[in-house]
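So the structure is just underneath, and the comments pick up after that.
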Amino acid sequence: MKSLPEVLVGVLGLQGAVSEHVDALNRALSELGLKGRVLTVKNPEQLERVRGLIIPGGESTTIGRLSARGLASKIREKASQGMRILGTCAGMILLAKEVYDARIGRVNQPTLSLMDMEVVRNFFGRQRESFEVPLTLPILGRELFPGVFIRAPIVEKVWGEAEPLATYNGKIVAVQQGRLLATSFHPELTEDLRLHKYFIKLILDTL
Amino acid sequence: MVHEILERTTVKPIEELKPAYGTVVVKRGFARMQKGGVIMDVTNVEQAQTAEEAGAVAVMVLDKLPADVRKAGGVARTCAVKIIEEVMDHVTIPVLAKCRIGHYMEARVLEAIGVDMIDESEVLTPADEHHHINKREFKVPFVNGARNLGEALRRIAEGASMIRTKGEAGTGNVAEAVRHVKEVMGRIRMLKTMNEEQLLDVARELRVPFELVKETALLGRLPVVNFAAGGIATPADAALMMHLGCDGVFVGSGIFKSEDPLERAKAIVLATTFWDDPETVAEACRMVAEKKSMPGLDIKSLKPEELMQVRGQ
């Protein structure tokens with residue numbers, strides 16, 4: 001087997017399902033037989049050596065406001081230098097260039113504005129409308145992927161280099177734009193590590 | 001039943017492409033998305049918007065703040081539906097509300113109007129002296145208060161998706177919340193050293209399923225998200241509860257009974273996120289003035305019948 005470099009992956013640790021992503025990344029690294037370290041990132045300096053960053057689910061307004069203290073500009077800077085990013089749920093909202101709320105309409109919340117997509121928050125409704133459903137996600141192979149949607153956003157439209165990876169009921173729920181990935185659902189709440197492995201391969205350019 | 005308890009993150013292979021609503025994964029998952037955050041008690045739209053602006057992960061809508069419930073006495077019930085709906089129309093973050101312990105219909109009403117999580121709360125006057133709600137019957141998740149491991153595991157066995165300490169609400173005194181989280185964590189630490197025979201004894205003693213005790217021992221923590229609540233009034237209080245191992249904090253009267261709610265709300269959010277960095281906690285403390293904190297109550301000055309934490313065991 002070809003020996004691969006040690007990989008340092010960060011999980012934005014301001015708020016939300018942080019430990020779930022850390023666990024999933026650790027398990028994915030070990031199943032891929034890779035040496036790697038997963039770092040919980042709470043300040044800009046910790047981002048320095050990280051080659052990929054997961055922005056977890058949580059409350060996008062909270063994470064957005066807390067990252068306005070210097071982390072957001074550092075993430076944008078690192079992204080322009082090639083850092084890979086995976087955003088799940090709230091992370092997807094933070095990556096989008098345009099954000100609306102299904103009930104409130106246009107919302108004024110700080111985002112990273114990195115991906116060419118328009119996201120609608122709380123699209124399916126409130127928590128009682130949260131659900132699990134198997135998804136077709138061709139980049140991960142034929143086997144369906146367990147989609148866990150919690151007060152989830154959807155992508156209303158993409159432009160530029162952003163490409164839809166999966167849809168549910170005709171709505172886009174996963175997007176890739178080169179080195180950036182975003183999902184409406186929560187792979188970290190399932191036992192399926194394929195998306196985390198895909199992200200690690202995206203970091204190592206071994207896809 | 002027992003299997004459902006253990007079913008935390010397992011999504012079974014599904015043959016048909018039908019969505020499943022209100023599953024254990026989805027209900028407990030909602031609580032996981034709140035981790036590291038602050039849930040703030042509010043009584044109207046304006047306060048809810050202040051909370052959202054400050055970075056709250058959710059708001060809890062009440063008719064009266066716990067400190068006023070304490071003052072008013074009498075029977076405390078769930079909040080007016082109209083106020084909850086108004087709040088839901090004006091903020092994008094999740095909206096929670098409280099129902100009385102054992103009051104199925106208040107809970108059904110909250111579920112029907114679309115509240116994101118229900119707090120079956122000892123702050124309101126219990127409707128059933130002997131039973132809590134069977135929370136498995138609901139599509140929306142529940143959070144329950146607990147003073148010790150027995151209360152926490154009994155609530156989880158009833159279907160609670162999240163636990164919080166009871167503390168002593170409306171006092172501005174964090175001592176009881178500290179006591180309760182240490183009770184829970186200390187007992188879990190003991191479980192970790194036990195063999196199955198001893199764990200069976202614990203299950204019998206606490207009147208909970210053995211599998212739940214075993215799972216807790218294996219995880220070394222409660223199998224659901226565990227927040228602090230009851231008496232948190234300052235940024236340092238919030239950081240203390242995070243330091244003690246809580247996943248996040250509820251702030252009841254502490255924010256809107258203070259004289260500097262917006263600044264205080266922002267400061268408590270900051271201190272909760274960066275609890276492990278004393279310099280940032282100091283920065284948060286600088287944002288508020290102790291003179292403006294809510295007035296506190298010494299628990300020892302309360303009569304036994306004034307304690308909320310003994311409700312619903």
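Chain naming here is simple, since letters A, B, ... match the order of the sequence lines and numbering starts at 1 in each.
For chain A, the option among Val115(B), Val140(B), Leu270(B) with the highest count of heavy-atom pairs below 4.5 Å is Leu270(B). Counting heavy-atom pairs closer than 4.5 Å to chain A, the top-ranked of the candidates Lys27(B), Lys266(B), Glu53(B) is Glu53(B). Ranked by heavy-atom pairs under 4.5 Å with chain A, the first of Gly114(B), Pro94(B), Gly22(B), Gly37(B) is Pro94(B). Between chain A and the options Asp247(B), Val225(B), Thr272(B), Val91(B), heavy-atom pairs under 4.5 Å are most frequent for Val91(B). Of the listed residues (Gly13(A), Gly58(A), Gly57(A)), the greatest number of heavy-atom pairs within a distance under 4.5 Å of chain B belongs to Gly58(A).
Neither the backbone nor the side chain of Ala58(B) comes within contact range of chain A; no heavy atom of the residue lies under 4.5 Å from a heavy atom of that chain. Of the atoms belonging to Ser60(A), not a single heavy atom falls under 4.5 Å from chain B. Contacts between Leu96(B) and chain A at a heavy-atom distance below 4.5 Å are absent for every atom of the residue. Neither the backbone nor the side chain of Ala51(B) comes within less than 4.5 Å of any heavy atom of chain A. Contact of Val95(B) with chain A is made through backbone and side chain together, with heavy-atom distances under 4.5 Å. Proximity to chain A involves both the backbone and the side chain of Asp89(B), based on heavy atoms less than 4.5 angstrom apart. Only the side chain of Thr280(B) comes within less than 4.5 Å of a heavy atom in chain A; its backbone stays farther off. Looking at Met88(B), both its backbone and its side chain come within 4.5 Å of chain A, counting heavy atoms on both sides. Both the backbone and the side chain of Leu14(A) come within less than 4.5 Å of a heavy atom of chain B.
Side chain of Asn122(A) to main chain of Thr92(B): a donor-acceptor pair is present (N/O by atom type, distance under 3.5 Å, no hydrogens or angles). The backbone N or O of Met33(B) lies less than 3.5 Å from a partner atom in the side chain of Gln15(A), making a donor-acceptor pair. Under the 3.5 Å distance criterion, the side-chain polar atoms of Arg128(A) are left unmatched by any main-chain donor or acceptor of Tyr21(B). The main-chain N or O of Pro141(B) is never found under 3.5 Å from a side-chain atom of Gln127(A) such that the two would form a donor-acceptor pair.
Using a 4.5 Å heavy-atom cutoff, the side chains of Glu188(A) and Arg32(B) are not in contact. Side-chain atoms of Pro19(B) and Tyr168(A), non-hydrogen and from C-beta on, do get closer than 4.5 Å to each other. Side-chain contact check for Lys18(B) versus Val133(A): every heavy-atom pair is 4.5 Å or farther apart.
Taking a 6.0 Å sphere around NZ of Lys97(A), one finds it holds more than 12 heavy atoms contributed by other residues, nucleotides or ligands. Sparse packing is recorded around CD of Glu46(B), with 12 or fewer heavy atoms of other residues, nucleotides or ligands lying under 6.0 Å away. The number of heavy atoms from other shown groups lying within 6.0 Å of CD (Glu279(B)) does not exceed 12. Around CD of Glu137(B), the count of heavy atoms belonging to other residues, nucleotides or ligands within 6.0 Å exceeds 12. For Arg37(A), the CZ atom is loosely surrounded, since the number of other residues' heavy atoms within 6.0 Å does not exceed 12.
Each of Val148(A), Ile150(A), Thr190(A) was scored for a side-chain contact (heavy atoms from CB on, under 4.5 Å) with Val25(B), with one residue passing: Val148(A). Tested against Val26(B), the residues Glu129(A), Arg151(A), Glu132(A) include a single side-chain contact (heavy atoms from CB on, under 4.5 Å) partner, Glu132(A).
Summarising the geometry, atom OG1 belonging to Thr273(B) is positioned 9.0 Å from atom CZ belonging to Arg69(A); distances are rounded to the nearest 0.5 Å.
In terms of heavy-atom proximity, Glu52(B) sits nearest to Arg65(A) at O-NE, 3.5 Å. The two residues Phe274(B) and Lys42(A) have their closest heavy-atom pair at CE2-O, 3.2 Å. Nearest heavy-atom pair across Val269(B) and Leu66(A) is CG1-CD2, 4.0 Å.
A salt bridge between Glu111(B) and Arg126(A) is absent, with no side-chain N of the basic residue lying under 4.0 Å from a carboxylate O of the acidic one.
Side-chain polar atoms of Ser130(A) and Lys139(B) form no donor-acceptor pair below 3.5 angstrom.
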Point to revise | Pair Glu20(A)-Lys35(B), salt bridge (Lys or Arg N to Asp or Glu O under 4.0 Å): steps then yes or no | key: CA-CA 11 Å; Glu20(A) 289 79 359; Lys35(B) 285 195 304 175; 2.9 Å; yes
